[in-house]
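Worth saying up front: this structure is predicted, and the values here are computed from it rather than measured. The chains referred to below are lettered A, B, ... by the order of the sequence lines, with proteins before strands, and numbering in each begins at 1.
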Amino acid sequence: MANDEKYSHDFIREIINKDLKTKKNDSRVHTRFPPEPNGHLHVGHAKSICLNFGIAEEYNGKCNLRFDDTNPIKEGDEYVKSIIDDVGWLGFDWEDRIYYASDYFPQMYNYAIVLIKSGKAYVDDQNANEISYNRGTVNKSGKNSPYRDRSIEENLELFELMKKGYFKDGEKVLRAKIDMSHPNMNMRDPVMYRILHAYHHRTKDEWCIYPMYDWAHGLEDSIEKITHSICTLEFENHRPLYDWFLKELKIFQPQQIEFARLNLTYTVMSKRMLLELVNKNYVNGWDDPRLPTIKGMKRRGYSPASIRDFCRRIGVAKVNSNIPVDFLEHCVRENLNKTVPRFMGVLRPLKITIENYPNDLIDDMNVINNPEDANAGIRKVPFSKSLYIEQDDFMEYPSKKFYRLAPGREVRLVNAYFLKCNDVIKEGEITKELTCTIDHNTKGGNSPDGRKVKSTIHWVSLQKAIDAEVRLYDRLFTIENPTGKKGQDYKDFINSNSLKILKNCKIESAVSELKPFDRFQFLRKGYFCIDPDKNDKKLVINQTVELRDKWSKIKNN
RNA sequence: GGCCCCGUGGUGUAGCGGUUAGCAUAAGAGACUCUGGAUCUCUUAGCGCCAGUUCGAAUCUGGCCGGGGCUGCCA
């Protein structure tokens with residue numbers, strides 16, 4: 001199965017294939033997704049989620065959802081809930097395997113005692129500044145702590161007192177005894193435990209010492225018998241330490257594998273910046289559709305399938321890359337095109353009156369729901385003497401390449417009639433209304449005489465249209481890499497026009513039946529979804545992404 | 001100055017000693033179309049550099065150049 005053509009062949013799967021061949025780990029494949037519950041998930045996490053859960057699926061293995069909650073100061077329950085929601089929404093199943101690093105605190109403590117007893121760990125009384133100073137620099141080796149050679153008995157006693165709360169925050173730490181002149185800074189007697197008299201979202205006040213990432217993470221993986229511990233590139237230099245702890249303890253040793261995290265153009269992905277954008281109200285909350293958060297993408301109308309497809313298609317490697325956000329949008333369009341129904345909505349309405357149509361007649365037209373899906377069927381859409389069409393679909397003095405409606409010109413109203421514009425009613429420079437006629441022989445959209453029109457436009461009955469607020473989103477930043485300009489704050493590049501609200505949109509009434517997060521296409525305009533702000537009085541619609549638009553290129557060239 | 005990682009079309013990836021260097025996307029041209037959408041066809045475009053090993057190198061070796069990371073009691 002693992003060798004099947006349909007699966008991608010990245011370097012991680014290559015390692016797994018080799019391990020399977022040599023029957024390493026009894027041919028088990030067991031991964032994990034280990035978020036810290038200190039923020040909301042974003043599309044970068046989605047890449048990791050798809051990788052870890054995807055690999056487990058492909059190899060008939062398992063993937064755990066594990067909260068790496070070793071720092072009570074930053075972490076909280078609300079994030080745990082949010083992460084669980086998001087991973088589930090993306091379409092992955094951890095079955096009963098939802099774990100917390102904090103559940104392993106007692107075991108970690110015991111392992112620390114093992115290390116102390118073997119002379120490989122010691123309690124250090126230096127403060128944070130001293131430790132930092134004595135660690136040296138990348139070019140200068142560090143200095144041994146004056147407390148480095150305490151007796152095992154003293155270390156045991158002190159460590160126990162640390163745990164019992166005899167010391168204040170920062171007064172002591174437990175350190176691994178490795179090598180203060182190691183060329184890898186991580187190996188210069190790294191801190192294993194710090195004292196934090198802080199309330200933990202799960203263990204409450206049970207602990208006042210908390211394990212550091214490097215000490216904890218390998219233990220978590222080992223305890224869960226993870227076979228392949230996949231993380232991002234910045235942990236490459238931590239791998240020797242990861243291995244060192246497990247080897248000293250002589251316990252199960254997973255293999256840490258590092259890959260390049262996802263970067264997307266025109267956005268930021270760091271938790272710190274995302275938090276700042278939210279807290280300082282540059283956006284409206286964690287689920288703002290302009291944000292690359294999972295919640296933002298959900299509200300924007302991105303489907304889980306399209307995000308999964310995107311993550312699969314960008315591949316996984318060790319080169320730092322910056323993926324064009326257009327590619328994400330391409331994946332979204334491709335998925336939505338095939339799966340989502342079409343409706344008609346006029347975003348910027350222009351009234352037209354059909355002179356040769358009965359005043360009171362409202363006739364139902366048969367309109368195709370989705371030309372990409374033969375099973376989607378048709379629906380009835382009311383047609384009447386007065387209609388709204390899109391302002392963009394009319395030009396009084398058409399430019400050369402424009403072939404929509406213009407005075408004297410004929411176009412087709414989708415699934416309705418051929419329409420000809422006769423007069424333009426203006427107030428000053430502004431076009432207020434068009435008077436038109438239809439060819440009654442073209443009902444349904446085709447002419448029996450076989451004549452063609454250049455263009456087909458959408459429409460909504462004036463009497464039957466419903467009003468809606470439509471929110472249009474543009475990229476949040478004005479440059480591809482907002483964090484890449486040295487000396488400049490990423491906030492300097494925030495796009496002040498990233499949100500446009502259209503309040504006077506005229507929508508086909510069937511859209512009012514849709515529920516929040518339902519996705520659809522407004523014919524010829526783009527993909528949209530119902531915003532959760534929708535209520536009985538107000539219909540709110542988000543633009544997910546525009547359709548590809550050749551005309552705008554022609555127009556602007 | 002130390003240590004670690006990485007260099008294949010514009011972008012993202014495949015390649016595992018012999019391939020017309022594949023795929024996707026972007027760009028350009030055309031066909032088709034009741035969405036200037038979708039679909040289809042074609043075109044442009046790539047192995048960082050220099051040596052070495054070999055009958056043969058994107059692939060193996062060395063050097064160079066370029067990019068990224070590492071000096072939290074964060075993860």
Side-chain angles (χ1 to χ4, degrees), chain A residues 8-10 14 34-36 38-39 68-71 73-75 124 126-129 131-133 135-142 169-175 181-188 190-196 209-210 212-214 216-217 231-240 258 260 265 271 313-324 326-327 330-331 333-334 337-338 342 344 367-368 371-372 401-404 411-416 418 442 444-446 452-458 521-527 546-555:
Chain A
S8 37
H9 252 294
D10 52 70
E14 222 161 86
E36 185 190 12
N38 70 340
D68 200 6
D69 54 354
T70 57
N71 184 0
I73 292 169
K74 293 185 175 176
E75 294 153 6
D124 195 348
Q126 296 180 104
N127 66 36
N129 283 337
I131 287 177
S132 170
Y133 181 78
R135 184 156 32 229
T137 69
V138 288
N139 300 311
K140 206 180 98 205
S141 69
D169 287 8
E171 214 173 312
K172 286 183 168 41
V173 291
L174 183 72
R175 290 231 255 171
S181 58
H182 198 108
N184 181 341
M185 298 294 290
N186 295 125
M187 299 297 269
R188 319 246 263 227
V191 172
M192 295 164 61
Y193 275 98
R194 75 285 214 187
I195 298 170
L196 249 31
I209 56 170
Y210 289 93
M212 299 287 291
Y213 171 86
D214 285 313
H217 205 86
C231 62
T232 44
L233 248 31
E234 67 269 28
F235 292 105
E236 262 169 340
N237 292 334
H238 295 244
R239 183 168 10 105
E258 311 87 12
T265 57
K271 280 183 184 173
R313 293 219 259 172
I314 56 176
V316 42
K318 301 187 79 158
V319 261
N320 290 299
S321 56
N322 205 8
I323 311 275
D326 312 59
F327 187 61
H330 167 82
C331 294
R333 281 193 195 100
E334 194 172 274
N337 176 49
K338 286 180 296 198
R342 271 67 169 166
M344 291 195 280
V367 177
I368 295 165
E372 296 292 316
K401 294 269 180 58
F402 183 86
Y403 48 80
R404 274 114 84 152
V411 299
R412 171 167 39 229
L413 296 170
V414 176
N415 285 155
F418 282 12
T442 59
N446 280 305
K452 304 276 189 209
V453 288
K454 267 290 234 188
S455 181
T456 300
I457 65 174
H458 59 281
Q521 184 193 113
F522 270 144
L523 207 66
R524 303 205 308 131
K525 296 311 288 184
Y527 297 97
E546 291 179 273
L547 251 32
R548 269 185 60 191
D549 186 3
K550 273 198 190 124
W551 166 238
S552 74
K553 280 182 197 163
I554 296 165
K555 194 172 55 179

Can you tell me whether the side chain of [X] and the base of [N] have a donor-acceptor pair closer than 3.5 Å?
| X | N | result |
| --- | --- | --- |
| A:Glu14 | B:C16 | yes |
| A:Arg524 | B:G36 | no |
| A:Glu372 | B:U39 | no |

Response to the item:
Per nearest nucleotide of RNA chain B, the residue lying toward the 5' end, A:Ala260 or A:Asn139, is A:Asn139

Discussion item. Both A:Arg239 and A:Ile323 contact RNA chain B. Taking the nearest nucleotide for each, which residue is further toward the 5' end?
Written reply: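 Looking at RNA chain B, the more 5' nearest nucleotide goes with A:Arg239.
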
Discussion item. Could you check B:G68 for me: syn (within 90° of 0) or anti?
Written reply: anti

Distance check needed: [N] [atom2] versus [X] [atom1], whole Å only.
| X | N | atom1 | atom2 | result |
| --- | --- | --- | --- | --- |
| A:Asn446 | B:U35 | CG | P | 11 Å |
| A:Glu258 | B:C3 | CD | P | 19 Å |
| A:Met344 | B:G37 | CE | C1' | 15 Å |
| A:Met187 | B:C4 | CE | C1' | 13 Å |
| A:Asn415 | B:U33 | CG | P | 17 Å |
| A:Lys550 | B:U39 | NZ | C1' | 11 Å |
| A:Gln521 | B:G37 | CD | C1' | 7 Å |
| A:Lys338 | B:G37 | NZ | P | 18 Å |

Polar atoms only, N or O, under 3.5 Å: list the protein pairs with nucleotides 44-46 of chain B and their distances.
none

Say we look at [N] and [M]: how far apart would their [atom1] atoms be, to the nearest angstrom?
| N | M | atom1 | value |
| --- | --- | --- | --- |
| B:U59 | B:A21 | C1' | 12 Å |
| B:U43 | B:G56 | P | 33 Å |
| B:C74 | B:G7 | P | 34 Å |
| B:U61 | B:U54 | C1' | 12 Å |
| B:U13 | B:G30 | P | 33 Å |
| B:G9 | B:A14 | P | 13 Å |
| B:C60 | B:G15 | P | 12 Å |
| B:G66 | B:C50 | P | 16 Å |

Donor-acceptor pair, side chain of [X] and main chain of [Y], under 3.5 angstrom:
| X | Y | answer |
| --- | --- | --- |
| A:Thr137 | A:Asn139 | yes |
| A:Arg342 | A:Leu523 | no |
| A:Arg333 | A:Glu546 | yes |
| A:Arg188 | A:His182 | yes |
| A:Asn184 | A:Asn237 | yes |
| A:Asn415 | A:Ile368 | yes |

Can you name the nearest heavy-atom pair linking [X] to [Y], along with the distance?
| X | Y | answer |
| --- | --- | --- |
| A:Tyr403 | A:Val411 | O-CG1, 4.5 Å |
| A:Lys271 | A:Glu36 | NZ-O, 3.7 Å |
| A:Glu372 | A:Asn337 | CG-OD1, 3.4 Å |
| A:Ile457 | A:Arg404 | CG2-CG, 4.0 Å |
| A:Asp68 | A:Glu75 | O-OE2, 3.6 Å |

Worksheet entry | Range-with-range stems of RNA chain B (Watson-Crick or G-U pairs under 3.5 Å, three or more in a row) | B:2-7 with B:65-70, B:10-13 with B:22-25, B:27-31 with B:39-43, B:48-52 with B:60-64

Regarding [X], tell me which of base, sugar-phosphate or nothing describes its non-hydrogen contacts under 4.0 Å with the strands shown.
| X | value |
| --- | --- |
| A:Leu547 | base |
| A:Phe522 | nothing |
| A:Ile554 | base |
| A:Arg404 | base |

Worksheet entry | A:Met344 CE to A:Leu413 CG distance, which is reported to the nearest 0.5 Å | 8.5 Å

Worksheet item: Tell me, for nucleotides 66-75 of chain B in 5' to 3' order, what letter each nucleotide earns: B for a base near a protein heavy atom under 4.0 Å, S for only sugar-phosphate near one, - for neither?
Response: --SBBBSBSB

Show each protein N/O and nucleotides 23-27 of chain B N/O combination with a separation under 3.5 Å, one pair to a line.
unit_1	atom_1	unit_2	atom_2	d
B:A24	O2'	A:Arg313	NH1	3.2
B:A27	OP1	A:Lys553	NZ	2.9

Practice prompt. Measure from the side chain of A:Trp551, starting at C-beta and using heavy atoms only, and say which of B:C5, B:G36, B:G15 lies closest.
Written response: B:G36

[Y] and [X], any side-chain heavy atoms less than 4.5 Å apart:
| X | Y | answer |
| --- | --- | --- |
| A:Leu547 | A:Gln521 | yes |
| A:Val173 | A:Met212 | no |
| A:Phe235 | A:His217 | no |

Worksheet item: Taking the six-membered ring of A:Tyr527, is the NZ or CZ of A:Lys338 close enough (under 6.0 Å from the centre) and on axis enough (within 45°)?
Response: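 No - A:Lys338 does not lie over the ring of A:Tyr527 by the 6.0 Å and 45° rule.
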
Practice prompt. Report the C-alpha separation of A:Arg194 and A:Asn71 in whole Å, then their side-chain angles, then the decisive distance to 0.1 Å, and conclude whether the side chain to side chain contact (heavy atoms under 4.5 Å, CB included) test is met.
Written response: CA-CA 10 Å; A:Arg194 75 285 214 187; A:Asn71 184 0; 3.6 Å; yes

Discussion item. Can you confirm whether more than 12 heavy atoms, excluding those of A:Lys555, are under 6.0 Å from its NZ atom?
Written reply: yes

Nucleotide N/O of nucleotides 7-9 of chain B paired with protein N/O under 3.5 Å:
none

Discussion item. Please enumerate all residues that pass side-chain hydrogen bond (donor to acceptor under 3.5 Å, both in side chains) together with A:Asp214, with sequence neighbours excluded.
Written reply: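 For A:Asp214 the side-chain hydrogen bond (donor to acceptor under 3.5 Å, both in side chains) partners, ignoring immediate neighbours, are A:His238.
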
